[in-house]
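One structure below.
Read the numbers this way: they start at 1 and go in the same order the structure lists the ligands and their atoms.
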Amino acid sequence: MLKVSGVTIRVLIVEDERDLGRLLAFNLEQAGFTTETAVTAADGLLAAGRFQPDVVLLDVMLPDLSGLEVCRKLRADEALRDAGIIMLTALGRDEERIDGLEAGADDYLVKPYNVKEVVLRVRALARRIGETRDAQQTRSDSRRLAFRELRVDPITHDVRVGDQPLALRPLEFKLLVTLMTEPGKVFSRDELLAQVWDIEEGGNPRTVDVHVRRLRQNLGDHADVVETVPGFGYRAHA
Ligand code: CA
């Protein structure tokens, strides 16, 4: 099975020539992709919402609506914005290919195309999308854990105030990351024992208080990032 970020790659084929659609589906399935096929633009849009494809193979000439219009609608959809789109076009003129790219397609193939070539293009596009997603995931995690000059990188475990690195103990680090990952959320001492220490029952809530105190000492001027909510527990706030 071909996977992006550990998930099987889903390819939606929107093609009104049924034999062609079946041929593409067969070859993509053989290559390890999961496919779904639609024969009209309306079906294609419905299938896209349900199937959440990683890559869409989109014929330009569809009976009900232009593939270009389908492409624009997919790009306007929050959930499908990042899908890879390859236009399948019988229109060979340069400006018509560019229309597809301007409508938001990532790539295009001119009919008659070689099915093996389609499979290669889908695979390359799926790989690029996977790399971008992984990078975005890493970046957004890092961005989420930045309060004022305090920067916490959950991947490298680097903690800094401005340029100054802070030396936190592993549990202080885990405590800080747990709080900062959901800013504003109040964690009870029991929740923190469960999430940071993996202690589900019988833990001592004072353990949390002691670590919070040490963490605050290490945070210096940023000690107030970890706020005490009397009677409830702790939360992080910028
Ligand atoms: Ca067609």
Side-chain angles (χ1 to χ4, degrees), residues 1-140:
M1 285 283 188
L2 281 162
K3 293 172 188 252
V4 170
S5 303
V7 180
T8 306
I9 299 166
R10 295 180 300 275
V11 183
L12 172 64
I13 301 154
V14 187
E15 169 61 78
D16 60 320
E17 290 170 65
R18 287 169 193 270
D19 289 346
L20 201 43
R22 271 197 285 269
L23 182 70
L24 288 171
F26 175 79
N27 281 275
L28 287 163
E29 296 268 350
Q30 288 291 105
F33 298 95
T34 300
T35 70
E36 196 158 302
T37 307
V39 294
T40 64
D43 282 352
L45 287 166
L46 276 176
R50 186 182 62 242
F51 184 55
Q52 294 292 305
D54 300 293
V55 176
V56 182
L57 286 175
L58 185 54
D59 183 25
V60 173
M61 304 292 270
L62 293 166
D64 48 343
L65 195 65
S66 155
L68 296 175
E69 200 49 48
V70 174
C71 186
R72 286 189 199 100
K73 286 181 190 289
L74 294 176
R75 284 295 183 238
D77 184 326
E78 187 77 38
L80 296 163
R81 187 168 294 159
D82 296 335
I85 301 178
I86 301 176
M87 304 296 303
L88 304 175
T89 173
L91 312 167
R93 287 168 52 208
D94 277 352
E95 55 267 40
E96 285 163 341
R97 298 179 195 185
I98 288 161
D99 281 347
L101 299 178
E102 282 184 348
D106 297 291
D107 200 355
Y108 61 85
L109 284 160
V110 179
K111 293 180 178 180
Y113 43 72
N114 180 323
V115 175
K116 285 197 173 62
E117 177 67 18
V118 179
V119 173
L120 288 177
R121 295 278 191 102
V122 170
R123 185 176 287 143
L125 190 53
R127 197 180 303 123
R128 284 210 298 278
I129 291 164
E131 285 164 2
T132 309
R133 273 186 203 159
D134 289 347
Q136 280 170 348
Q137 189 64 40
T138 306
R139 273 203 298 278
S140 69

> Which salt bridge (Lys or Arg N to Asp or Glu O under 4.0 Å) pairs, counting each pair once, include a residue from residues 27-43, with sequence neighbours left out?
Replying inline: Glu36-Arg50
>> Taking Asp19's backbone N and O only, do any of them form a donor-acceptor pair with Glu17's side chain (distance below 3.5 Å, no angle check)?
In response: no
>> Quick check on side-chain contact (heavy atoms from CB on, under 4.5 Å): which of Thr35, Leu88, Val122 does Leu24 satisfy it with?
In response: Leu88
> Would you find a donor on one side and an acceptor on the other, under 3.5 Å apart, between the side chain of Asp16 and the backbone of Thr40?
Replying inline: no
> Has the side chain of Asp64 got a donor or acceptor atom that lies under 3.5 Å from a matching backbone atom of Ala42?
Replying inline: yes
> Looking only at atom types and distance, does a side-chain atom of Arg75 sit under 3.5 Å from a main-chain N or O of Ala83, one as donor and one as acceptor?
Replying inline: yes
> By residue and atom, what protein N/O/S atoms are less than 3.0 Å from the Ca ion (ligand 1)?
Replying inline: Asp16 OD1, Asp59 OD2, Met61 O
